[in-house]
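All heavy atoms count here, side chains included; hydrogens, waters and symmetry mates do not. Numbers here simply count residues along the sequence, with the first being 1.
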Amino acid sequence: MTQAPTPANWLSVISLGLIWGGTFMVVSIALEGYGPLTVACARTTLGALALLSLMAVMGRPLPSRAAMIYLIPIGAFNTALPFSLLSWGQQYVPSAFAGISMAALPLIVLPMAHVFSDEKLSAQKALGVVIGFAGALVLIGPGLMALGQGAEPLAQLACIGASVSYAVSSVMTRRCPPVDPITLAAFTLVVGAAILIPAMLLIEGVPTWTGARSGWAILFLGFVPTALAALLRVLVIRSAGSVFMTLVNYQVPLWSVIFGWLVLSEDLPWRFFVALGLILFGLAVSQWRGRPTRILGPRA
C-alpha cells in the first residue's frame, strides 16, 4: 500500500525530471566524439553492469525462464532499439526535438493497450490521444514534406520511432510474469547490451577515449539516467505509487527544451513550443481523473 508523497518523494521526482530531461543534451555531447551505436552501446552496457552489481549487493533474484522469454523482446524494444534510434536521430535534430517527441509516449501507449491488453480506451482518453497526435504532426510536419531530402526528416521519424518502441515495450511488460523491479531493469539492459555490443563492433569498431567532454558524457549516460534513475524510479513507485510517478512525464520535455537552449544554444522554432503545448495538453486530458498509463524505463 502506497503512502502520501513525502518530501523525499518530491525531491526524487524532480530529480528524475532533471535527469531524464537533460539526457538528450548529454547524448548530443557524447555524439561529438562517438558514433550513435557506440553511445547507445556504452549506455546499455554500463547501466547493466551497475544494476547487476546492485542486484548482487541487495540479493535480488534472477528472473525465471518464463520471464526471460518476455525480457528478451522487452529489452530489445526498451533499450537497444530506442537508444540507437535516438542516438542516430540526434546527429541531425536538436536535443529539444528528441525530448518533445518522448512526451508523446504515454499517448502512444493508450491505443496499443486498448488493442493488446484489458485497459480500454475511453472517449476522454481517445480525445487526449487525438490532441497529442496533432502535436506530433505539428512537431514533424515540415519533415514529412521533406522526406527524401537529406537526413533530418528521417532523424525526426527516428525520434518518434523511439517513442513507439518504448510504447511497445511498455505493453509487452504488462504481459510479463512478475519480476523484481531492479532485476527487470537490469536484465532489459543486459539484453540491450547483448544486441548492441556486436553491432557496435561490426559497424563502428572498438571505441577509444576521444576526450573529456564526450567521454565523461558517455559515462554519465550509463550510470546516471540509465542506472541511478532506474533505482530512483523503483523507490518512488514503491513508496508513493505509479500515479505520482507520472508527474515525471510532464517535466522531461520541458527540461529538454531548457537544457537544449541554455547549454547547447539550439535554435528552437516556434512549432516546437506549439507541439509541446498540444502534447502536454493531450497527456493531461488523457490522465485527468483516471489511472495514468505505466511507462517502463527511461524517457530518453
Side-chain angles (χ1 to χ4, degrees), residues 16-17 20-25 27-28 36 40 43-44 73-116 121 125 128-141 143-144 152-174 188 192 225-226 229 233 246 248-257 260 271-272 275-284 286-287 292-300:
L16 283 171
W20 280 334
T23 297
F24 306 97
M25 171 196 69
V27 167
S28 293
R43 181 176 180 182
T44 54
I74 290 171
F77 282 102
N78 194 60
T79 59
L81 182 57
F83 286 4
S84 299
L85 287 173
L86 285 170
S87 295
W88 182 82
Q90 282 192 237
Q91 295 177 110
Y92 308 103
V93 299
S95 65
F97 182 99
I100 294 171
S101 68
M102 290 298 101
L105 172 57
L107 300 173
I108 297 172
V109 170
L110 287 173
M112 286 188 176
H114 178 81
V115 175
F116 297 107
L121 198 61
K125 289 182 178 180
V129 170
V130 171
I131 295 171
F133 183 70
L137 286 180
V138 170
L139 183 64
I140 66 173
L144 291 176
E152 183 177 357
L154 290 177
Q156 293 176 348
L157 292 178
C159 292
I160 298 295
S163 191
V164 173
S165 182
Y166 280 133
V168 171
S169 75
S170 180
V171 174
M172 293 177 67
T173 303
R174 294 167 182 265
T188 55
T226 307
R233 177 178 178 272
T246 58
V248 175
N249 293 334
Y250 296 91
Q251 297 180 64
V252 170
L254 296 174
W255 284 117
S256 71
V257 169
R271 78 174 193 279
F272 280 24
L276 177 60
L278 285 171
I279 292 172
L280 290 180
F281 181 58
L283 180 59
S286 70
Q287 295 188 353
T293 300
R294 295 182 184 181
I295 307 300
L296 171 68
R299 281 65 166 174

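Taking 4.5 Å as the limit, every side-chain heavy atom of S256 sits out of range of all side-chain heavy atoms of M25. P225 is listed as a side-chain neighbour of R43, based on a closest heavy-atom distance under 4.5 Å.
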List the atom pairs, donor and acceptor, that lie under 3.5 Å between side-chain atoms in residues 101-109 and the rest of the protein, sequence neighbours left out.
from : atom 1 : to  : atom 2 : distance (Å)
S101 : OG     : A98 : O      : 2.6

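Pairing each heavy atom of G260 with each of S95, the nearest pair is CA-OG, 3.7 Å. Pairing each heavy atom of F24 with each of Q90, the nearest pair is O-NE2, 2.7 Å. Here the closest non-hydrogen pair linking P82 and A76 is CD-O, 3.8 Å. The two residues A80 and G192 come nearest to each other via the heavy atoms CB-CA, 3.9 Å. Annotation for N78 and S169: closest pair OD1-OG, 3.1 Å, computed over non-hydrogen atoms. Considering all non-hydrogen atoms of both residues, Q251 and G17 come closest at OE1-CA, 3.7 Å.
For the side chain to side chain contact (heavy atoms under 4.5 Å, CB included) test, residues two or more places apart in sequence or in another chain that qualify with T44 are T79, F83, L189, A193, L196. Contacts of S163 classified as side chain to side chain donor-acceptor pair (under 3.5 Å), with partners at least two apart in sequence or in another chain: none. Residues passing the side chain to side chain contact (heavy atoms under 4.5 Å, CB included) test with A155 are W88, Y92, V93, sequence neighbours excluded. Partners of L276 according to the side chain to side chain contact (heavy atoms under 4.5 Å, CB included) rule, which considers only residues two or more places apart in sequence or in another chain, are I100, P253, L254, V257, L280. Here L81 pairs with F77, L85, S165 under the side chain to side chain contact (heavy atoms under 4.5 Å, CB included) rule; sequence neighbours left out.
Note that the CZ atom of F97 and the CG atom of L86 stand 10.5 Å from one another [nearest 0.5 Å]. A distance of 11.5 Å separates SG of C159 from CG of L154, quoted to the nearest 0.5 Å. To the nearest 0.5 Å, the span separating CD1 on I131 from CG on L278 amounts to 8.0 Å.
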